[in-house]
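Report on one structure; see the data block that follows.
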Amino acid sequence: QVQLVESGGGLVQAGDSLRLSCAASGRTFSSYTMGWFRQAPGKEREFVARIRWSGTTFYADSVKGRFTISRDNAENTVSLQMNSLKREDTAVYYCAAAAKLFPSSSEYLYWGQGTQVTVSA
């Protein structure tokens, strides 16, 4: 069982940066693939980024070059550094954990409650 708690959301202006954090409980955190997803109003939840236990990362095209996912297995945390934010990045951001190395969105087992990111013009 893994419990996830996100933090760091807020209201920023376009072009600003924001760093989201996700604190995980559970002794096997380091073995999970961790992901960030987001859901904008009226839209389906979409994949943002993921990081394997080894540190290998993968990003959605929409955030590639602007967002960076990282993890600290000793501290049981995963972070999402978001730079050059755009209005279309406005969404609730969720942290999630999967037992598979290359999980599909539906294969993430544990989810946080989400944190709101709002980007104004």
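Excluded from the calculations below are hydrogen atoms, water molecules and symmetry mates; all remaining heavy atoms, backbone and side chain alike, are included. Given the structure is predicted, the values throughout are model-derived calculations rather than measurements. Numbering starts at 1 and runs along the sequence shown.
For the residue pair Thr118 / Gln116, a side-chain donor-acceptor distance below 3.5 Å is found, with atom types taken as modelled. In the model, Thr77 has no side-chain atom that pairs as donor or acceptor with a side-chain atom of Asp72 under 3.5 Å.
Stacking of Arg71 on the aromatic ring of Trp53 is not recorded, the 6.0 Å distance cut-off and the 45° axial limit not both being met.
By the rule that hydrophobic residues join a cluster once side-chain heavy atoms approach within less than 4.5 Å of another member, Leu18 and Val119 end up as members of one cluster. Note on Leu20 and Ile51: same hydrophobic cluster, where clusters join Ile, Leu, Val, Met, Phe, Trp and Tyr whose side-chain heavy atoms are under 4.5 Å apart, directly or indirectly. Hydrophobic clustering keeps Leu4 apart from Phe47 (ILVMFWY residues linked when any side-chain heavy atoms are closer than 4.5 Å, directly or through intermediates). If you chain together hydrophobic residues whose side chains sit under 4.5 Å apart, Tyr59 and Tyr94 never meet in one group. Linking ILVMFWY residues whenever their side-chain heavy atoms come closer than 4.5 Å, directly or via other members, leaves Tyr108 and Val63 in distinct clusters.
Put simply, the side chain of Glu107 does not reach to within 4.5 Å of the side chain of Phe102, judged on heavy atoms. Within the 4.5 Å cutoff, the side chain of Thr90 has no heavy atoms near those of the Val117 side chain. For the pair Arg19 and Ser70, the minimum side-chain heavy-atom distance is below 4.5 Å. Gln113 has its side chain within reach of Glu6: a pair of non-hydrogen atoms, C-beta onward, lies under 4.5 Å apart. Looking at Met82 and Arg66, their side chains never come closer than 4.5 Å, going by heavy atoms from C-beta outward. Looking only at side-chain heavy atoms (C-beta outward), Cys95 and Val78 come within less than 4.5 Å of each other. Taking 4.5 Å as the limit, some side-chain heavy atom of Arg52 sits within range of a side-chain heavy atom of Leu101.
The two residues Ala40 and Ala91 make their nearest non-hydrogen contact at N-CB, 3.8 Å. Looking at every heavy atom in both residues, Ser17 comes nearest to Val12 through O-CG1, 4.3 Å. Between Ala99 and Leu109, the closest heavy-atom pair is CB-CD1, 4.0 Å.
Between Phe37 and Trp111, the ring-plane angle classifies as tilted under the 30° and 60° cut-offs. Aromatic ring orientation, Phe67 versus Tyr93: tilted (interplanar angle from 30° to 60°).
Rounding to the nearest 0.5 Å places OG1 of Thr56 at 11.5 Å from CD1 of Ile69. Distance check: Asn76 CG to Gln3 CD gives 12.0 Å after rounding to the nearest 0.5 Å. How far OG1 of Thr115 is from CH2 of Trp36: 7.5 Å, rounded to the nearest 0.5 Å. To the nearest 0.5 Å, the span separating CD on Glu46 from CZ on Arg38 amounts to 4.5 Å. With rounding to the nearest 0.5 Å, the separation of CD in Gln81 from OG in Ser21 is 9.5 Å.
Enclosure of atom CD in Glu44 is not indicated, since only 12 or fewer non-hydrogen atoms of other residues, nucleotides or ligands lie within 6.0 angstrom.
A salt bridge is absent between Lys86 and Asp89: the closest approach of a Lys/Arg side-chain nitrogen to an acidic carboxylate oxygen does not fall below 4.0 angstrom.
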